[in-house]
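Inspection log for the structure reproduced underneath, given as structure tokens.
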Amino acid sequence: MASSENSATLLYLYFGFARTVLLISSCNSFGIETVLYFTMLFYAICPYIICGKNIKWHGFSNVHWADVAAEQLMKKGEKHVLATAITPSGPIHVGNLREVITTEAVYRALKDRGAKAELIFIADTFDPLRKVYPFLPEKYEKYVGKPLAEIPCPCGEHENYAEHFLQPFIHVMDELGIKPKIYRAYEIYKEGRYNEAIKIALDNADKIKAIIEKISGRDLPEKWMPFNVKCEKCGKLKGEIYEYDYPFAKYRCSCGYEGSVDLRKGGIGKFPWRIDWPARWKIFGVTFEAFGKDHAASGSSWDTGKEIAKQVFKYEPPMPLVYEFIHLKGKGAMHGSTGVAIAASEAIKILPSEVLRFLFMKYEPNRHIEFDTGFSLLDLIDEYDRYERIYFGMEEKIAGMKDEKRVYELSQPYGIVSKSPIKISYRHLAIVAQIAKDFDEAIEIIKRKIELKDYDETRLKERYEKIIYWLKNYAPEEIKFEVKEELPELKLKNDEKKFLIELEKNFDGIEWDAEKIHATIHESAKKSQISAKKAFQLIYMLFIGKDRGPRAGYFLQSLGKDFVMKRIREAYQS
RNA sequence: GGGCUCGUAGCUCAGCUAGGUAGAGCAUCUGGCUUUUAACCAGAUGGCCGGGGGUUCGAAUCCCCCCGAGCCCGCCA
């Protein structure tokens with residue numbers, strides 16, 4: 001396959017050559033023999049120029065981005081620590097999800113290459129609460145500035161504020177098959193694992209200050225120190241060090257309190273982000289980290305972080321991978337604080353976990369992703385199914401697909417399924433789910449046309465539940481239908497009236513059964529000489545005010561005979 | 001002002017690393033299916049590849065300039 005692509009390329013080269021010869025001979029202007037000679041020479045050596053030393057006859061490979069990153073890491077060594085970090089200051093959204101899904105994909109790619117890799121997740125639970133977010137009660141004002149891990153849980157059911165937002169996210173990671181070693185910054189500080197870094201940073205305060213001022217262009221206060229003490233009186237991370245004499249530091253808090261701390265004790269304060277980041281690289285031996293483009297802007301924390309790592313902590317910065325933000329369709333980038341966000345725990349309720357992974361796998365990290373909870377959601381799921389069929393050889397790859405098998409593999413939360421389940425178009429399922437009372441009835445409806453095995457039913461169950469949730473909370477009105485309480489306004493032509501009268505007459509004598517109803521509609525249409533298409537359109541108009549709808553027989557059956565007969569009468573009498 | 005990303009069919013995007021006849025899905029339209037589960041099957045319509053220059057026999061692809069869109073650049077993360 002790939003080598004035939006190569007042959008095709010060579011063919012093109014020679015076609016081009018032939019065209020050139022024709023062109024030149026038709027022009028027949030000057031030095032034609034010389035031109036021909038060089039042209040031929042060029043094309044003769046062209047394949048070698050193109051492929052060079054690395055002639056890859058199975059080449060033209062398009063390698064998945066996760067594999068590209070893994071390959072680069074393998075060149076550096078076979079032991080890696082891949083870090084992800086999120087601050088649980090509010091609901092953790094789909095945008096944050098990219099952080100862990102992207103990193104985990106590289107982690108898997110490394111594992112596939114036999115590397116020793118570790119995936120870690122650091123929850124920044126020691127960060128202070130920045131402000132009273134819209135989703136918080138007013139009384140949280142008094143906690144602003146305190147560490148997230150020391151603030152009460154908003155719902156009262158979790159250990160603290162940080163856990164309240166962290167737990168649902170950990171659950172989502174689990175559903176996605178992402179199982180990192182989880183650390184909480186609050187504990188790490190408390191256990192003293194930062195202590196050495198704190199001493200190094202404070203000893204090198206001037207150096208750090210110079211790096212930040214030079215690279216970010218900021219002006220820091222003259223006596224700036226790269227560490228915030230947690231005030232012993234108010235508990236906020238607002239203590240500024242004004243006198244440093246290891247192991248003690250005297251600080252002044254914004255609340256007015258002045259005190260002194262022993263820096264050898266854990267958890268007495270915290271680094272600002274720009275120092276925290278490089279410090280943690282060294283503490284955990286991080287060799288790879290993916291981060292959002294906000295960190296990557298010039299002069300931002302990546303620029304200062306890598307210098308601080310090298311010059312102060314004497315640590316080689318990890319390999320970076322910058323990812324773009326997730327946009328909510330039509331509303332811009334997701335941001336917890338602006339409210340433009342879909343919580344990760346919400347996304348997993350409307351999308352099967354493998355499809356949620358798929359969304360991140362199929363785009364390169366540097367592309368922004370439009371997350372749409374509307375119709376595109378259905379297309380996304382159907383697209384995933386197509387990848388699955390291709391993976392199992394049930395369908396041919398279509399043009400425009402990239403690394404389709406690898407994308408599919410990396411989308412699996414828990415390994416490749418043993419066989420491809422029967423595919424029901426998701427759009428179709430959305431209709432069936434609206435006709436059926438419950439899952440069992442939905443299965444019955446589907447089984448009328450398609451044979452299902454137990455295995456397929458199990459797979460469908462998850463999708464059914466998710467689509468029900470979606471229909472209830474996100475689906476656009478166009479896909480929903482409901483039976484009109486009143487007869488919609490209609491202008492019936494004579495033949496249409498005739499059809500309805502005929503229909504009523506025929507319905508009267510039959511058993512109220514889907515198949516019979518359906519047959520009767522066809523018969524009546526024939527008798528009154530209107531097309532079946534028109535007949536069905538008319539029926540849909542009568543009951544749901546649209547010219548299309550769910551399969552008529554079953555639909556009318558579920559509405560009940562009395563209701564249907566009454567509506568038909570009303571229609572032709574109007 | 002600095003940085004990153006993007007601009008290809010109505011929409012969502014492949015194709016660009018390594019130049020060789022412009023692609024897919026969805027949407028739309030037409031036809032088929034004498035059962036319409038908004039299904040399924042077949043076909044069609046649809047693009048000066050953002051604009052301009054350059055390199056080349058040949059540019060969506062490489063180089064330069066411009067235009068437009070989005071995001072990031074105090075602190076915090």
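Lettering of chains follows the sequences in order, A, B, ..., and the numbering in each one begins at 1.
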### Task
State which of B:C72, B:A77, B:G3 makes the closest approach to the side chain of A:Phe325.
B:C72

### Task
Starting from P on B:G74, measure out to NE2 on A:His295 and report it in whole angstrom.
13 Å

### Query
Heavy atoms under 4.0 Å, any strand shown: does A:Tyr363 hit a base, just sugar-phosphate, or nothing?
sugar-phosphate

### Query
Starting at CZ of A:Arg184 and ending at P of B:A77, how long is that distance when rounded to a whole Å?
19 Å

#### Entry: P spacing across the pair B:C26 / B:G19, given as an integer number of angstrom
32 Å

## Note on the structure
Whole-Å distance, A:Glu240 CD to B:C76 P, equals 11 Å

#### Entry: Atom-to-atom span, OH of A:Tyr540 to C1' of B:U35 - whole angstrom
10 Å

### Message
Measure CD/A:Glu523 against P/B:U34 and give the value in whole Å, please.
### Response
15 Å

### Query
Under 4.0 Å between a side-chain N or O of A:His518 and OP1 or OP2 of B:U35?
no

### Summary
With the side chain defined as heavy atoms from C-beta on, A:Ser300 is closest, among B:C76, B:A77, B:C71, to B:A77

### Between B:A24 and B:U45 - P atom distance, rounded Å
12 Å

#### Entry: Results of side chain to side chain donor-acceptor pair (under 3.5 Å) for A:His518 - residues two or more places apart only
none

### Message
Give the dot-bracket line for RNA chain B from 5' end to 3' end: parentheses for intra-strand Watson-Crick or G-U pairs under 3.5 Å, square brackets for crossings, | for inter-strand pairing, dots for unpaired.
### Response
(((((((..((((......[..)))).(((((.......))))).....(((((..]....))))))))))))....

### Query
Any luck finding a side-chain donor-acceptor pair between A:Thr520 and A:Asn506 under 3.5 Å?
no

### Whole-Å P distance, B:G51 and B:A22
16 Å

### Spatial distance of atom CD1 (A:Ile539) from atom CE (A:Met541) [nearest 0.5 Å]
12.5 Å

### Query
Cut-off 3.5 Å, side chains only: do A:Ser301 and A:Arg274 have a donor facing an acceptor?
no

What's touching nucleotides 4-9 of chain B from the protein side, N or O pairs under 3.5 Å?
{"unit_1": "B:U5", "atom_1": "O2'", "unit_2": "A:Asn366", "atom_2": "O", "d": "3.4"}

## Note on the structure
Applying side chain to side chain donor-acceptor pair (under 3.5 Å) to A:Asp276 and not counting sequence neighbours gives A:Tyr189, A:Tyr194, A:Lys270, A:Arg280

### Query
Considering only the P atoms, how many Å lie between B:C29 and B:A39, rounded to the nearest integer?
12 Å

### Query
How would you list, by chain and number, every residue that makes a salt bridge (charged side-chain N to carboxylate O under 4.0 Å, His left out) with A:Arg252, sequence neighbours excluded?
A:Glu258

### Task
Write down the distance separating the C1' atoms in B:C48 and B:G70, rounded off to the nearest Å.
26 Å

### Atom-pair distance (CZ on A:Arg406; P on B:A14), nearest Å
20 Å

#### Entry: Nucleotide nearest A:Asp124 (side chain, heavy atoms from C-beta), chosen from B:C76, B:A77, B:C26
B:A77

### Nearest-nucleotide comparison on RNA chain B, the residue closer to the 5′ end among A:Ser298 and A:Phe536
A:Ser298

### Message
In whole Å, I'd like the distance from the CG atom of A:Leu148 to the P atom of B:C76.
### Response
15 Å

### Message
Quick one: does any side-chain atom of A:Trp470 pair with a main-chain N or O of A:Leu378 as donor and acceptor, under 3.5 Å?
### Response
no

### Spacing of the C1' atoms in B:C13 and B:G47 (rounded, Å)
14 Å

### Task
Just jot down the side chain to side chain donor-acceptor pair (under 3.5 Å) partners of A:Glu511, sequence neighbours excluded, or say none.
A:Lys516

### Task
Take atom P in B:U12 and the same atom in B:A18, then report the distance between them in whole Å.
29 Å

### Task
For nucleotides B:G15 and B:G23, find the distance between their P atoms and express it as a whole number of Å.
16 Å

### Task
Not counting sequence neighbours, which residues clear salt bridge (charged side-chain N to carboxylate O under 4.0 Å, His left out) with A:Glu99? List them please.
none

### Task
Compare the minimum distances between each of B:U34, B:C76, B:A77 and the side chain of A:Thr87, then state the nucleotide with the smallest one.
B:A77

### Query
So, is A:Lys270 near the phosphate of B:A77, with a side-chain N or O under 4.0 Å from OP1 or OP2?
yes

### Sugar-phosphate only, base, or nothing, as touched by A:Asp382 at under 4.0 Å among non-hydrogen atoms
nothing

### Query
B:C76 C1' sits how many Å from A:Trp224 CH2, rounded?
14 Å

### Task
Would you please name every residue forming a salt bridge (charged side-chain N to carboxylate O under 4.0 Å, His left out) with A:Glu71, sequence neighbours left out?
A:Arg113

### Task
Please name all residues satisfying salt bridge (charged side-chain N to carboxylate O under 4.0 Å, His left out) with A:Arg367, sequence neighbours left out, ordered by chain then number.
none

